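Values in this document were obtained by computation on a predicted structure and should not be read as measured data.
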Amino acid sequence: MKIVACYSNKGGVGKTAASVNLAYAFAQAGKRVLLCDLDPQGASGFYFRVKPSKKLEHDAFFEDVERFTKAIRGSDFDNLDILPANMTFRDFDVFLSGMKSSQSRLKKSLKAVGSDYDVIVLDCPPNVSALSENVFLASDVIVVPVIPTTLSERTFEQLVDFVKTQTEEKQKSKKGRIVGFFSMVQGQKSLHRDTMARMRELYPDHFLNAVLPFSTDVERMGVHRAPVLAFAPSRPASKAYQEVFEELRIIA
């Protein structure tokens, strides 16, 4: 089982869209996939027309394997299941602060269902918290969409520095590798072009070659309630997500 986290400490960068499309791409490639939505807004579940469980609330996510398993829902696509979020997920940090071995609780929960899946994709909320520390420790790859702007460059630097503080054992195993890709790119903007060139030079081991263009097709996911790869497979955004997937499948 591989765990792929779609994470950013900055909101509005296309993290959920990446989670949804990568989960779909892995499933289409024949992998058994669980998309686990950790964001209390529940956008991933919405895109797949899945309603959250009313029983997986509060600390049950981390302490009740049976309720965790029963909360998993099938999707309209082969090989792809969803664990939708609900609003009580906003209190994850509170629950984790009172638990023993709090940094490994997420990994323990996912391990309970890991034998049923080849890949677990995590759609993570945009913050640095006790939950995000759990994500970093549990994940094999941390996929980070980056809009090529000055502020995004700063937050990416913060993320790289923060993850470097993880345990020596994790660093040696190369788990939790940060893999960025540029998102919502407008090639006609010199700021975008210059920022991408600079960040590739500063972080040569952290960025994929694939670039996701700014696209209304991604925004239309909310209308179709499906991945771009499913309803517009020949469009530029779909081709970009497919390229991200192809590069990731080699790493993950």
Looking at [Y], is its backbone amide N or carbonyl O close enough to the side chain of [X] to form a donor-acceptor pair, meaning the two atoms are under 3.5 Å apart?
{"X": "Arg193", "Y": "Gln188", "value": "yes"}
{"X": "Ser19", "Y": "Cys6", "value": "no"}
{"X": "Arg73", "Y": "Pro52", "value": "no"}
{"X": "Asp78", "Y": "Ala27", "value": "no"}
{"X": "Asp81", "Y": "Ile72", "value": "no"}
{"X": "His192", "Y": "Val185", "value": "no"}

**OP:** Could you work out the complete set of other residues in the hydrophobic cluster of Val65, with links drawn between I, L, V, M, F, W and Y side chains under 4.5 Å apart?
**Re:**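 Members other than Val65 - counting any ILVMFWY side chain reachable under 4.5 Å - there are none.
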Subject >> Nonpolar side-chain network containing Leu191, other nodes, edges under 4.5 Å >> reply: none
[Y] and [X], any side-chain heavy atoms less than 4.5 Å apart:
{"X": "Tyr117", "Y": "Ile3", "answer": "no"}
{"X": "Glu153", "Y": "Leu202", "answer": "yes"}
{"X": "Glu247", "Y": "Asn209", "answer": "yes"}
{"X": "Tyr7", "Y": "Ser139", "answer": "no"}
{"X": "Pro126", "Y": "Asp39", "answer": "yes"}
{"X": "Val179", "Y": "Leu208", "answer": "yes"}
{"X": "Tyr24", "Y": "Tyr241", "answer": "no"}

I'd like to know if [Y] and [X] are part of one continuous hydrophobic network [Ile/Leu/Val/Met/Phe/Trp/Tyr, side-chain heavy atoms within less than 4.5 Å].
{"X": "Leu248", "Y": "Phe181", "result": "yes"}
{"X": "Phe156", "Y": "Val128", "result": "yes"}
{"X": "Val50", "Y": "Val121", "result": "yes"}
{"X": "Val228", "Y": "Val13", "result": "no"}
{"X": "Ile142", "Y": "Met199", "result": "yes"}

Listed pairs under 3.5 Å, donor-acceptor, residues 210-224 side chains, sequence neighbours left out:
| from | atom 1 | to | atom 2 | distance (Å) |
| --- | --- | --- | --- | --- |
| Ser215 | OG | Asp217 | N | 3.0 |
| Asp217 | OD1 | Arg220 | NH1 | 2.6 |
| Asp217 | OD2 | Arg235 | NE | 2.7 |
| Asp217 | OD2 | Arg235 | NH2 | 3.4 |
| Arg220 | NH2 | His224 | NE2 | 3.1 |

Subject >> Any residue meeting ring pair (Phe, Tyr, Trp, His ring centres under 6.0 Å) with Phe182, in chain and number order, not counting sequence neighbours >> reply: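 By the ring pair (Phe, Tyr, Trp, His ring centres under 6.0 Å) rule, Phe182 matches Phe207.
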Original post:
What pairs with Phe92 under ring pair (Phe, Tyr, Trp, His ring centres under 6.0 Å), at least two apart in sequence or on another chain?
Top reply: Phe61, Phe62, Phe89
Subject >> CD on Glu63 to OG on Ser109, rounded to 0.5 Å >> reply: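 The OG atom of Ser109 sits 9.0 Å away from the CD atom of Glu63.
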Original post:
Sequence neighbours excluded, which residues qualify as side chain to side chain donor-acceptor pair (under 3.5 Å) partners of Ser183?
Top reply: none
Of all the heavy-atom pairs spanning [X] and [Y], show the shortest one and how long it is.
{"X": "Ala23", "Y": "Leu35", "value": "CB-CB, 4.1 Å"}
{"X": "Pro227", "Y": "Val20", "value": "CG-CG1, 3.7 Å"}
{"X": "Arg90", "Y": "Pro40", "value": "N-CB, 3.7 Å"}

Subject >> Distance flag, aromatic centroids of Phe136 and Phe162, threshold under 6.0 Å >> reply: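 Ring centres of Phe136 and Phe162 closer than 6.0 Å.
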Subject >> Passing candidate, side-chain contact (heavy atoms from CB on, under 4.5 Å) with Ile178, options Leu159, Asp205, Val141 >> reply: Leu159
Subject >> Member of Arg32, Lys31, Lys2 meeting the side-chain hydrogen bond (donor to acceptor under 3.5 Å, both in side chains) criterion with Asp118 >> reply: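 Testing Asp118 for a side-chain hydrogen bond (donor to acceptor under 3.5 Å, both in side chains) against Arg32, Lys31, Lys2 leaves exactly one candidate, Arg32.
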Original post:
Are any of the side-chain nitrogens in Asp123 or Lys15 under 4.0 Å away from the carboxylate oxygens of its partner?
Top reply: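 Salt bridge between Asp123 and Lys15, a charged N being under 4.0 Å from a carboxylate O: yes.
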